[in-house]
Amino acid sequence: MPHDHHSHDDAHPHALLPSDPALRVKALETILTRKGLIDPAALDEIIDTYENKIGPKNGADVVARAWSDAGFRKALLEDATAVVRDLGYYGRQGEHVVVVENTPETHNMVVCTLCSCYPWSLLGIPPAWYKSDAYRARAVREPRKVLADFGVTLPEGTAVRVWDSTAEMRYLVLPMRPERTEGMPFEQLAALVTRDSMIGTGLAKAPA
Amino acid sequence: MTRIHDMGGRFGDGPVQPEGEDEPIFHEEWHRRALAVTLATGSLGQWNLDMSRHARESLAVPDYATFSYYEKWIGAVADLLVDNGVLTRADLAGEDSPADGAAHPLAGRALTKDKVAGVLSRGGPTTRESNVAPLFEPGQAVRALRPAANRLVDGGHTRMPSYVAGARGRILMAHGAHVLPDSNAHGLGEAPEPLYAVIFPAGELWAAPENPDDEVVLDLWQSYLEPA
């Protein structure tokens with residue numbers, strides 16, 4: 001069996017760059033730009049996309065539609081990839097989507113213990129805590145204590161199902177629709193859907 | 001066998017520190033640039049997603065433990081650029097090289113602003129046609145192999161976390177055939193094979209599960225599993 005050469009390589013090339021991270025990124029960007037391998041305007045465009053265009057509003061739109069339309073909800077739970085593609089929410093780190101539904105019996109929660117896999121096309125770039133060692137290490141073993149860190153306590157009788165994103169499937173939680181929201185306009189419903197409720201570390205907001 | 005990134009179930013990490021929903025996505029300007037440089041250099045086509053993950057996991061243990069998130073990204077990108085012959089060590093060290101001034105052979109592949117939206121919206125699906133027949137179907141009992149390890153390259157990349165090794169679960173969903181990271185991360189081809197969501201009772205994984213009704217689902221490739 002071949003061996004992985006990286007495990008014996010103690011002189012990684014990155015150490016040749018400045019050690020301060022901001023200077024390190026700047027140095028690499030400068031070298032790559034000078035050689036014509038990256039275009040600073042393209043970098044600005046990537047940043048603008050994830051800072052301003054793609055974010056949890058996409059996921060909240062999907063959830064509010066599922067709350068409002070039983071046919072949409074059924075199609076979403078059967079083949080979320082096709083449904084989100086029709087809405088324009090297909091894309092990088094959202095190529096294979098599965099939506100999992102919270103019920104009084106089961107609360108779903110998503111983690112990536114090995115790195116930071118996350119449904120970018122629906123929720124944007126993950127928050128720092130999602131990428132933290134504490135969340136990655138603990139979510140699978142003690143999800144209820146992690147939920148407590150978020151101020152969430154589940155009712156007696158609700159089981160927790162944790163999804164460890166070990167492949168390219170990207171999981172989105174469909175939170176339970178809050179009570180007293182019958183007849184609420186779509187935009188107000190969507191505003192109750194938090195990012196954390198779609199990761200499973202939170203619940204949808206109660207109406208004001 | 002295992003690497004420091006494989007931390008699911010580990011003890012000793014302290015509380016999770018939630019952030020408000022209105023916190024900025026990037027906390028430092030260089031985080032923005034690190035993300036963008038990573039995505040833009042990826043589109044040069046000199047490595048795949050699995051190689052990219054493997055490069056981050058291959059950071060030296062003290063580096064992985066102390067680097068912040070985007071430091072891991074930028075360190076891995078610098079390593080990938082040199083390991084794949086895009087840049088030289090001299091380039092990173094800021095030393096003049098005779099090639100400076102001449103066009104880089106990959107310059108024509110640089111991601112330009114007008115192509116960004118298309119590249120990001122197309123993504124990189126990993127489903128493939130495969131001649132590996134599915135061995136399992138939903139409901140069937142399976143066991144994750146033990147140890148959790150790459151069985152093609154010793155010490156190589158795998159997506160099987162060590163906490164699941166040897167545990168008995170059942171097939172919850174069949175996801176079709178996907179690129180096998182254990183092969184693709186090492187340039188051994190995509191080797192697509194069936195991928196499954198496999199559900200495990202918490203009591204199969206942990207000595208003291210919080211609740212006997214809790215479960216953990218992992219996406220596992222067919223070659224990670226055996227019938228149980």
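Worth knowing before you read on, the calculation uses all heavy atoms, side chains too, and leaves out hydrogens, waters and symmetry mates. The sequence lines fix the lettering, A, B, ..., with proteins before strands; numbering per chain opens at 1.
Relative to the six-membered ring of B:Phe11, A:Arg138 misses at least one condition, a distance below 6.0 Å or an angle of at most 45° to the axis.
For B:Ser68, no part lies under 4.5 angstrom from a heavy atom of chain A. In this structure, the portions of A:Leu37 lying under 4.5 Å from any heavy atom of chain B include both its backbone and its side chain. Looking at B:Leu120, the atoms closer than 4.5 Å to chain A (heavy atoms on both sides) sit in the backbone and in the side chain alike. Using a 4.5 Å cut-off between heavy atoms, B:Leu172 touches chain A through its side chain atoms alone. If you measure heavy-atom distances from B:Leu44 to chain A, the contacts under 4.5 Å come from the side chain alone. Within the 4.5 angstrom heavy-atom criterion, atoms from both the backbone and the side chain of A:Leu43 approach chain B. With a 4.5 Å cut-off on non-hydrogen atoms, A:Ala22 touches chain B through its backbone and its side chain both. With a 4.5 Å cut-off on non-hydrogen atoms, A:Ser165 touches chain B through its backbone but not through its side chain. Using a 4.5 Å cut-off between heavy atoms, A:Thr49 touches chain B through its side chain atoms alone. Interface residue A:Lys145: backbone and side-chain heavy atoms are both found under 4.5 Å from chain B. Looking at B:Asp63, the atoms closer than 4.5 Å to chain A (heavy atoms on both sides) all sit in the side chain, from C-beta outward. Of the two parts of B:His178, only the side chain, counted from C-beta on, holds a non-hydrogen atom closer than 4.5 Å to a non-hydrogen atom of chain A. Using a 4.5 Å cut-off between heavy atoms, B:His157 does not touch chain A at all. Of the two parts of A:Arg85, neither the backbone nor the side chain holds a non-hydrogen atom closer than 4.5 Å to a non-hydrogen atom of chain B. For a residue to count as touching a neighbouring chain, one of its non-hydrogen atoms must lie under 4.5 Å from one of that chain's; by this rule B:Arg122 touches chain A with the backbone only. With a threshold of 4.5 angstrom between heavy atoms, B:Pro209 does not approach chain A through any atom at all. Using a 4.5 Å cut-off between heavy atoms, A:Val111 makes no contact with chain B at all. Proximity to chain B involves both the backbone and the side chain of A:Pro143, based on heavy atoms less than 4.5 angstrom apart.
B:Asp13 has no carboxylate O lying under 4.0 Å from a charged side-chain N of A:Arg136, or vice versa, which leaves the two without a salt bridge. With respect to A:Glu168 and B:Arg53, a salt bridge is recorded, a charged nitrogen being found less than 4.0 Å from a carboxylate O.
Here the side chain of B:Glu21 pairs a donor or acceptor atom with the backbone of A:Arg195 at under 3.5 angstrom. Checking side-chain atoms of B:His104 against main-chain N and O of A:Gly36 turns up no donor-acceptor pair under 3.5 Å. Looking at B:Asp214, its side chain never comes within 3.5 Å of a backbone N or O of A:Ala159 through a donor-acceptor pair. Side-chain atoms of B:His5 do not come within 3.5 Å of backbone N or O of A:Thr113 as any donor-acceptor pair. No donor-acceptor pair closer than 3.5 Å links the side chain of A:Glu29 to the backbone N or O of B:Arg33. With B:Glu71 contributing its side chain and A:Pro21 its backbone, the two residues share no donor-acceptor pair below 3.5 Å. Within the 3.5 Å criterion, the main-chain N or O of A:His3 finds no donor-acceptor partner in the side chain of B:Asp154.
B:His54 and A:Asp4 form a side-chain donor-acceptor contact under 3.5 Å, judged by distance and modelled atom types alone. Side-chain contact annotation: A:Tyr90 with B:Ser121, donor-acceptor N/O pair under 3.5 Å absent.
B:Ile25 is not listed as a side-chain neighbour of A:Tyr50, based on a closest heavy-atom distance of 4.5 Å or more. Between A:Tyr171 and B:Asp219 there is a side-chain heavy-atom pair separated by less than 4.5 Å.
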For this session: Give the C-alpha distance, both sets of side-chain angles, the deciding distance and a yes or no for side-chain contact (heavy atoms from CB on, under 4.5 Å) between B:Asp6 and A:Leu114.
Result: CA-CA 5 Å; B:Asp6 182 8; A:Leu114 296 174; 3.6 Å; yes
Problem set entry | side-chain contact (heavy atoms from CB on, under 4.5 Å) between A:Ile46 and B:Arg32, intermediate numbers included | CA-CA 9 Å; A:Ile46 292 169; B:Arg32 293 181 174 83; over 6 Å; no
For this session: Apply the test side-chain hydrogen bond (donor to acceptor under 3.5 Å, both in side chains) to residues A:Asp133 and B:Tyr64: give CA-CA distance (whole Å), side-chain angles for both, the deciding distance (0.1 Å), then the verdict.
Result: CA-CA 11 Å; A:Asp133 286 7; B:Tyr64 194 96; 5.8 Å; no
For this session: Let me see the working for B:Asp114 and A:Glu45 under side-chain contact (heavy atoms from CB on, under 4.5 Å), right down to the final yes or no.
Result: CA-CA 9 Å; B:Asp114 57 306; A:Glu45 186 72 10; over 6 Å; no
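Interface check for chain A: of the options B:Thr41, B:Leu106, B:Leu87, the most heavy-atom pairs under 4.5 Å are formed by B:Leu87. In terms of heavy-atom pairs under 4.5 angstrom with chain A, the leader among B:Ala117, B:Ala202, B:Ala36, B:Gly108 is B:Ala36. Among B:Tyr163, B:Phe26, B:Phe67, the residue with the largest count of heavy-atom pairs under 4.5 Å with chain A is B:Tyr163. Interface remark: of the candidates B:Arg10, B:Lys113, B:Glu215, B:Glu210, B:Glu210 forms the most heavy-atom pairs closer than 4.5 Å to chain A. In terms of heavy-atom pairs under 4.5 Å with chain A, the best-connected choice from B:Ala78, B:Pro18, B:Gly75 is B:Pro18. When B:Gly9, B:Ala110, B:Ala107, B:Ala40 are compared by the number of non-hydrogen pairs under 4.5 Å with chain A, B:Gly9 comes out ahead.
What you find for A:Glu95 and B:Pro125 is that their closest heavy atoms are CG-N, 3.7 Å. Smallest separation of non-hydrogen atoms from B:Pro15 and A:Ala134: O-CB, 3.7 Å. A pairwise comparison of heavy atoms in B:Leu218 and A:Thr166 identifies C-OG1, 3.9 Å as the closest pair. Residues B:Leu49 and A:Gln93 share a closest heavy-atom pair of CD2-NE2, 4.1 Å.
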